[in-house]
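Being a predicted model, the structure only gives us computed values, none of them experimental.
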Amino acid sequence: MTYPKSNPTMKHDLQCTQILPTESRSLLAEMGMSSSSNMFRILEENNVSDPTPICSVYAYADAPDHPAPLSRSLIICGVADSTISLVRKIMSDDGLPDGLCKSTIAVQLADERHFSRLEPRHQKNSTIFATFMKRLRQEDSVAVISKDKYNRFGLLVPMTKENRDAKSIDSEDCAAFLYTSTLEDVREALGGAPDKEVKAAGQSADESLWQPPGGESTEGAEALWRPPGTEDEAVANATSNSWQPPGSDNSNPWNAGETGGAIEIWGP
């Protein structure tokens with residue numbers, strides 16, 4: 001599956017509990033979760049304080065809406081090796097566990113064909129996201145989204161790309177899959193407590209490669225989504241409240257509906 005063809009329905013701020021490591025450093029080494037049990041522990045602690053903005057992203061009609069839409073802020077609390085059991089189970093080809101939702105998020109398409117058509121702020125926003133997806137893909141890892149007030153957490157998973165080491169930005173770099181579930185549903189799918197596998201030599205299952213800074217979860221991080229334009233952008237010069245679907249020659253922008261409902265579908 002590649003870049004979505006339909007119009008987005010919601011806008012989110014992608015943030016992180018720490019400043020992302022520079023490209024010269026490994027994401028897993030700097031902020032990796034070592035095991036399923038370690039991931040559960042960090043998610044349960046939910047230490048989110050003064051997160052750092054990354055970019056703005058858009059959700060689509062397949063986004064979860066029960067018991068409520070996702071929070072306006074999607075806050076990354078770490079990254080995880082895609083081979084640990086919890087991640088494997090969630091991404092299993094055997095079918096989604098009960099209570100798990102798979103949806104798509106994206107930024108404006110910034111491949112070679114469309115990049116020059118974007119305004120500078122959109123070029124910057126899409127490049128930041130695409131670069132992050134490339135790094136996750138190259139390290140066979142996923143980003144872990146901290147839980148919201150409904151106890152839902154998420155895994156942000158890069159789309160499959162044939163040439164994963166390509167330097168250019170392609171459509172697969174401008175979109176990703178977001179798996180969301182509650183901790184309770186995932187525990188049930190795993191058949192109880194998470195296993196104790198360890199991904200870093202010399203570490204116990206209760207040790208982490210990295211832990212988010214302390215602090216209580218902020219009210220803003222748990223708020224329900226609000227229509228674009230009702231609060232500050234995720235980053236300076238981030239995407240505006242409306243944007244033109246990639247590949248369209250129509251210069252008239254569209255605005256996300258106030259209620260977040262379905263928007264007219266457009267063709268590729």
Side-chain angles (χ1 to χ4, degrees), residues 1-4 8 10-33 51-60 72-83 87 91 103-146 154-179 209-210 212 232-240 243-247:
M1 185 176 180
T2 56
Y3 192 85
M10 294 184 181
K11 182 179 180 181
H12 299 277
D13 298 329
L14 187 63
Q15 303 175 335
C16 187
T17 52
Q18 72 168 51
I19 298 175
L20 291 179
T22 61
E23 293 185 50
S24 63
R25 304 182 67 84
S26 165
L27 291 171
L28 282 171
E30 295 291 322
M31 51 189 297
M33 298 177 177
T52 301
I54 299 177
C55 63
S56 295
V57 297
Y58 298 90
Y60 295 79
R72 169 69 187 256
S73 298
L74 302 177
I75 303 176
I76 296 170
C77 60
V79 298
D81 191 310
S82 62
T83 63
V87 177
M91 298 171 55
S103 59
T104 305
I105 67 169
V107 292
Q108 292 196 47
L109 190 55
D111 58 6
E112 183 178 359
R113 175 186 173 190
H114 297 91
F115 188 82
S116 62
R117 305 180 188 180
L118 301 179
E119 296 180 17
R121 65 180 182 274
H122 299 324
Q123 292 177 345
K124 177 181 178 181
N125 190 79
S126 295
T127 299
I128 290 172
F129 180 83
T131 301
F132 185 46
M133 291 302 103
K134 285 174 173 289
R135 296 178 69 183
L136 289 174
R137 189 184 297 114
Q138 289 168 353
E139 295 190 39
D140 288 321
S141 59
V142 302
V144 182
I145 307 295
S146 60
L155 295 184
L156 185 59
V157 181
M159 290 189 170
T160 302
K161 184 176 178 180
E162 183 174 349
N163 184 3
R164 59 188 298 160
D165 296 321
K167 300 297 183 182
S168 61
I169 294 177
D170 299 311
S171 60
E172 295 89 349
D173 302 316
C174 296
F177 296 119
L178 179 62
Y179 294 82
L209 296 177
W210 168 85
D232 292 339
E233 293 294 347
V235 292
N237 295 326
T239 53
S240 62
W243 62 288
Q244 183 177 353

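We find the CG-CG distance between L156 and L178 to be 6.0 Å, quoted to the nearest 0.5 Å. One finds the CD atom of Q18 at 8.0 Å from the OG1 atom of T52 (value rounded to the nearest 0.5 Å). A distance of 5.5 Å separates CG in L74 from CD1 in I145, rounded to the nearest 0.5 Å. Of the inter-residue distances, the one linking D81 atom CG with L27 atom CG reads 12.0 Å to the nearest 0.5 angstrom. With rounding to the nearest 0.5 Å, the separation of CE in M133 from CD in E172 is 13.5 Å. We find the CG-CD1 distance between D13 and I75 to be 9.5 Å, quoted to the nearest 0.5 Å.
Under the side chain to side chain contact (heavy atoms under 4.5 Å, CB included) test applied with L14, the options P51, S73, C55, S56 reduce to a single match, C55.
Although no hydrogens or angles enter the test, the distance criterion places no donor-acceptor pair under 3.5 Å between the side chain of E112 and the main chain of I169. At distances below 3.5 Å, not a single donor-acceptor pair connects side-chain atoms of S126 with backbone N or O atoms of V107.
D170 is linked by a salt bridge (charged side-chain N to carboxylate O under 4.0 Å, His left out) to K161, counting only residues two or more places apart in sequence or in another chain. For E23, the side chain to side chain contact (heavy atoms under 4.5 Å, CB included) test picks out T131, R135, with sequence neighbours left out. By the side chain to side chain contact (heavy atoms under 4.5 Å, CB included) test, S24 is found to be paired with T22, residues two or more places apart in sequence or in another chain being considered. Annotation: side-chain hydrogen bond (donor to acceptor under 3.5 Å, both in side chains) contacts of S168 (sequence neighbours excluded): none. S141 meets the side chain to side chain contact (heavy atoms under 4.5 Å, CB included) test with L28, L136, E139; sequence neighbours excluded.
Between P21 and S26 the shortest heavy-atom distance is CG-O, 4.5 Å. Minimum interatomic distance between Y60 and T104 (heavy atoms only, all atoms of both residues): CD1-O, 3.3 Å. Looking at every heavy atom in both residues, Y3 comes nearest to L109 through OH-N, 3.4 Å. Shown here for V142 and M91, the closest heavy-atom pair between the two residues is CG1-SD, 4.1 Å. Here the shortest heavy-atom pairing between P8 and Y58 reads CB-CB, 3.6 Å. The minimum heavy-atom distance linking D111 with S171 is given by the pair CB-N, 4.3 Å.
L20 is listed as a side-chain neighbour of M31, based on a closest heavy-atom distance under 4.5 Å. Using a 4.5 Å heavy-atom cutoff, the side chains of M33 and V79 are not in contact.
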Checklist entry - Can you check side-chain contact (heavy atoms from CB on, under 4.5 Å) on I54 and I128, steps first, answer last? => result CA-CA 7 Å; I54 299 177; I128 290 172; 3.7 Å; yes
Next on the checklist: side-chain contact (heavy atoms from CB on, under 4.5 Å) for K11 and R72? Distances and angles first, verdict last.
Outcome noted: CA-CA 7 Å; K11 182 179 180 181; R72 169 69 187 256; 4.3 Å; yes
Checklist entry - Run the side chain to side chain donor-acceptor pair (under 3.5 Å) check on N125 and H122 step by step: do they pass? => result CA-CA 5 Å; N125 190 79; H122 299 324; over 6 Å; no
Item to check | Candidate pair F129 and I105, rule side-chain contact (heavy atoms from CB on, under 4.5 Å), full reasoning | outcome: CA-CA 11 Å; F129 180 83; I105 67 169; 4.3 Å; yes
